[in-house]
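Each chain gets a letter, A, B and so on, in the order its sequence line appears, and its residues count up from 1. All values below come from the heavy atoms of this structure, side chains included, with hydrogens, waters and symmetry mates left out.
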2 protein chains.
Amino acid sequence: MTYTQLPTPKAEVSTQRLLKGETLFYQGDHTAAIFIVITGRIRLLRHLADGNAIPLYFANDGETFSEAALFSDVYHCDAIAEKNTEIEIHPKKALLDAFAVNPDLAMTFMAHLARQVINLRSRLEIRNIRSAEERVIQFLKLEISDPGNSITFASPLKDIAASIGLSHEAFYRVLSTLEREGKIVREGRKIGLVG
Amino acid sequence: MTYTQLPTPKAEVSTQRLLKGETLFYQGDHTAAIFIVITGRIRLLRHLADGNAIPLYFANDGETFSEAALFSDVYHCDAIAEKNTEIEIHPKKALLDAFAVNPDLAMTFMAHLARQVINLRSRLEIRNIRSAEERVIQFLKLEISDPGNSITFASPLKDIAASIGLSHEAFYRVLSTLEREGKIVREGRKIGLVG
DNA sequence: TGTAGAATATGACTGAAATCATATTTTAAA
DNA sequence: TTTAAAATATGATTTCAGTCATATTCTACA
C-alpha cells in the first residue's frame with residue numbers, strides 16, 4: 001500500500017521482531033528511535049494522571065510511528081505489539097544527523113509528515129459521514145481516485161471496516177448492497193467503482 | 001487554544017479577509033502559500049474525476065492548512081470560507097528559503113507537522129469510542145491532561161460536538177448527565193473533570 | 001493434505017444516538 | 001437599546017448501525 005521510506009542511512013537501520021503483547025517502549029522512556037511497521041500492528045497507549053489509559057492509535061503495515069520522538073526526550077505513550085510484529089528501527093540520532101548534513105533529507109521527511117497530515121484529515125472527515133453506505137462510497141472514491149477505477153486491498157476487509165469506523169458486519173452488508181445495486185464490482189479484495 | 005506559528009520571516013507574512021463563501025484557491029491552482037486560520041473556518045474540498053466533491057477537512061481558528069503546498073506545484077483541493085474568515089498567508093518561497101538558510105527552522109516546522117500527526121491520530125482514535133458519554137470523557141481527559149484539571153473552550157460547544165463526531169444535542173445531553181452525576185463541573189464553556 | 005483459526009457473509013433484534021421539535025439564553029449586530 | 005441570529009438545552013420519536021448468532025469460505029501451517 002503506502003510505501004514509507006525514511007531518509008535514514010541504510011547502515012543505521014535495523015529490524016526487530018516483537019511477539020504479540022510485547023512492549024517496544026513505555027511512556028516516559030528516553031526516546032531513541034522512530035519506527036516503521038513492516039508487518040503486524042502496534043498499539044499506542046497513553047497513560048493519564050488518573051491511572052486510566054487511552055488508546056492513541058494503531059499503526060499498521062507500512063506506517064511510521066513515534067515521529068515526534070525526534071523532538072522530545074521521552075516517549076509520550078506506550079507501544080505494544082497487538083500481534084506478532086516486525087518493525088524497522090530508525091535511530092533518532094542517525095536521522096537528525098542526516099538532516100543536518102543534508103537538508104534535502106529534512107525536506108523529504110517533512111513531506112512525509114505533510115502527506116500523513118492530509119491523509120489523517122481525510123480519514124477524519126470520512127468519519128463525519130453518518131450513513132454507512134455513503135461513508136463506504138466516499139472512502140472508495142478517495143482510495144481509488146488516484147490509481148484508476150479499482151483498488152485491491154492488501155489487508156482483510158474487516159480491518160478496512162475498522163479503519164473507517166464500521167463494524168465488519170455493517171461493512172460486508174454495505175459492500176453486498178452496493179454490489180447488488182451495481183454501484184461497485186468485486187473480486188475478493190479487489191473493488192471497482194462503477195459510474 | 002493551540003497556537004500555531006510558522007517560521008516565516010515576519011516581513012513576508014500578510015493577512016487576508018475572506019467573506020463567507022469566497023474561494024481562497026481552487027484545486028489545480030499553482031501553489032503559492034500555506035495558510036493559518038486566524039478566525040473563521042475554511043472548508044477544504046476535493047473534486048473527483050466523476051464530478052463529485054468530497055469535503056477533506058475544516059480548518060478552524062489557529063489551524064494551518066495546505067502545508068503540502070510546499071511539496072507540490074498545484075493545490076490538491078479547493079479552499080472556501082465557510083464564514084467570514086481572516087487568514088495569515090505564508091508564501092511558499094519565503095518558507096522554503098527560510099528553511100534553506102536556517103535548518104533549525106525546518107526542524108521547527110517538522111515538529112509542528114509531527115504534533116499535528118499525533119493530534120489527528122488521537123482525534124481519530126476518539127471516534128472509535130462508540131458510547132457518546134465515554135467518548136466525551138476520553139476527549140476531556142485528552143484535552144485537559146496537560147494544562148490542569150479544567151479547560152475553557154474558545155469555540156462554541158456545538159463545534160466541539162462536531163469535532164468529536166456527535167450531534168450537538170447528544171453532546172449537550174452528555175454534558176448535562178456528566179454534570180448531574182458529578183463527574184464534571186461546568187461554568188459556560190469552562191469544563192472541569194472531577195475525580 | 002488436513003485442520004484450526006480467521007475472514008467473509010447474512011439474518012434477527014436491540015439500543016443508543018440522530019433527528020425533529022421547541023424553548024430559553026446568550027451573543028452579535030444594527 | 002432593540003432585534004435578529006446563534007448557542008444552549010431538553011423532550012419525543014425514529015432510524016440505522018451495532019450486537020449476537022450462526023454458517024460458509026478461505027488461508028496458514030502443522
Side-chain angles (χ1 to χ4, degrees), chain A residues 17 19-21 39-41 58 60-61 81-86 126-140 151-181 184-191, chain B residues 17 19-21 39-41 58 60-61 81-86 126-140 151-181 184-191:
Chain A
R17 285 170 191 281
L19 294 178
K20 179 176 174 175
T39 57
R41 179 175 301 157
F58 288 88
N60 289 294
D61 297 12
E82 270 282 301
K83 41 184 172 178
N84 293 350
T85 298
E86 190 175 6
I126 284 274
R127 297 287 189 105
N128 284 337
I129 302 170
R130 206 68 65 180
S131 146
E133 185 165 328
E134 193 58 23
R135 194 188 301 174
V136 170
I137 288 178
Q138 297 296 49
F139 167 71
L140 290 175
I151 184 176
T152 304
F153 292 106
S155 39
L157 296 182
K158 73 193 288 280
D159 289 356
I160 306 295
S163 81
I164 61 174
L166 290 177
S167 68
H168 59 97
E169 295 98 324
F171 187 57
Y172 291 137
R173 263 190 269 268
V174 166
L175 289 181
S176 291
T177 306
L178 291 176
E179 195 176 19
R180 205 175 323 115
E181 294 174 351
I184 62 171
V185 288
R186 303 177 56 192
E187 261 180 79
R189 286 179 193 161
K190 181 176 181 184
I191 300 183
Chain B
R17 285 170 191 282
L19 295 176
K20 178 174 174 176
T39 57
R41 180 175 301 156
F58 288 89
N60 289 295
D61 297 12
E82 269 284 298
K83 40 185 173 181
N84 293 351
T85 299
E86 190 176 5
I126 284 275
R127 298 287 189 104
N128 284 336
I129 302 170
R130 207 68 67 177
S131 147
E133 184 164 330
E134 191 58 23
R135 195 188 301 175
V136 170
I137 289 178
Q138 296 296 48
F139 167 72
L140 290 175
I151 184 175
T152 304
F153 292 106
S155 40
L157 296 181
K158 72 192 288 282
D159 288 357
I160 305 296
S163 82
I164 62 174
L166 289 177
S167 68
H168 58 96
E169 296 99 323
F171 187 57
Y172 291 137
R173 265 190 266 268
V174 167
L175 289 181
S176 292
T177 306
L178 291 176
E179 195 175 20
R180 204 174 325 113
E181 294 173 351
I184 62 171
V185 289
R186 302 177 57 193
E187 261 179 82
R189 287 181 193 161
K190 181 177 180 184
I191 299 183

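Comparing dA9(C), dA18(C), dT19(D) by their closest approach to the side chain of Leu166(B) singles out dA18(C). Listed nucleotides dA9(D), dT8(C), dA21(D) differ in distance to Tyr172(B); the shortest reach to its side chain belongs to dA9(D).
No side-chain donor-acceptor contact under 3.5 Å links Asn84(B) to the backbone of Leu19(B). The closest donor-acceptor contact from the side chain of Arg186(A) to the backbone of Glu179(A) lies at 3.5 Å or more, if one exists at all.
As a whole-Å value, the separation of Asn128(B) CG from dA17(D) P is 16 Å. When rounded to the nearest whole Å, the span between CZ of Arg135(A) and P of dC16(D) equals 14 Å. Taking atom CZ on Phe171(B) and atom P on dA6(D), their separation rounds to 20 Å, with Å as the unit. Rounded to whole Å, atom P of dC26(D) lies 19 Å from atom CG of Asp159(A). Atoms NE2 (His168(B)) and C1' (dT22(C)) sit 12 Å apart, rounded to a whole Å. Between the NZ atom of Lys20(B) and the P atom of dA5(D) there is a distance of 11 Å, rounded to whole Å. Taking atom CD of Glu134(A) as the reference point, atom P of dT15(D) lies 19 Å away to the nearest angstrom. Note: CD (Glu169(A)) to C1' (dG11(C)) measures 11 Å, nearest angstrom.
For NZ of Lys190(A), the number of neighbouring non-hydrogen atoms (other residues, nucleotides, ligands) closer than 6.0 Å is 12 at most.
When each of Arg130(A) and Pro156(A) is assigned the nucleotide of DNA chain C bearing its nearest heavy atom, the one mapping closer to the 5' terminus is Pro156(A). A residue-by-residue look at Lys83(B) and Ala132(A) shows that Lys83(B) has its nearest nucleotide of DNA chain D further toward the 5' end.
The side chain of Arg189(A) contributes an N or O atom lying less than 4.0 Å from OP1 or OP2 of dT8(C). Residue Ser176(A) has a polar side-chain atom (N or O) positioned under 4.0 Å from OP1 or OP2 of dT10(C).
For the pairing with Arg41(A), the side-chain hydrogen bond (donor to acceptor under 3.5 Å, both in side chains) check across Asp61(A), Asp159(A), Thr85(A) returns one residue only, Asp159(A).
As judged by a 4.0 angstrom heavy-atom cut-off over every strand, Arg186(B) is placed among residues touching the sugar-phosphate backbone only. Heavy atoms of Leu157(A) sit under 4.0 angstrom from primed sugar atoms or phosphate atoms, though from no base atom. Residue-level contact check: Arg173(B) touches the bases, meaning some heavy atom is under 4.0 Å from a base atom.
Between the CD1 atom of Ile126(B) and the CD atom of Glu134(B) there is a distance of 9.5 Å, given to the nearest 0.5 Å.
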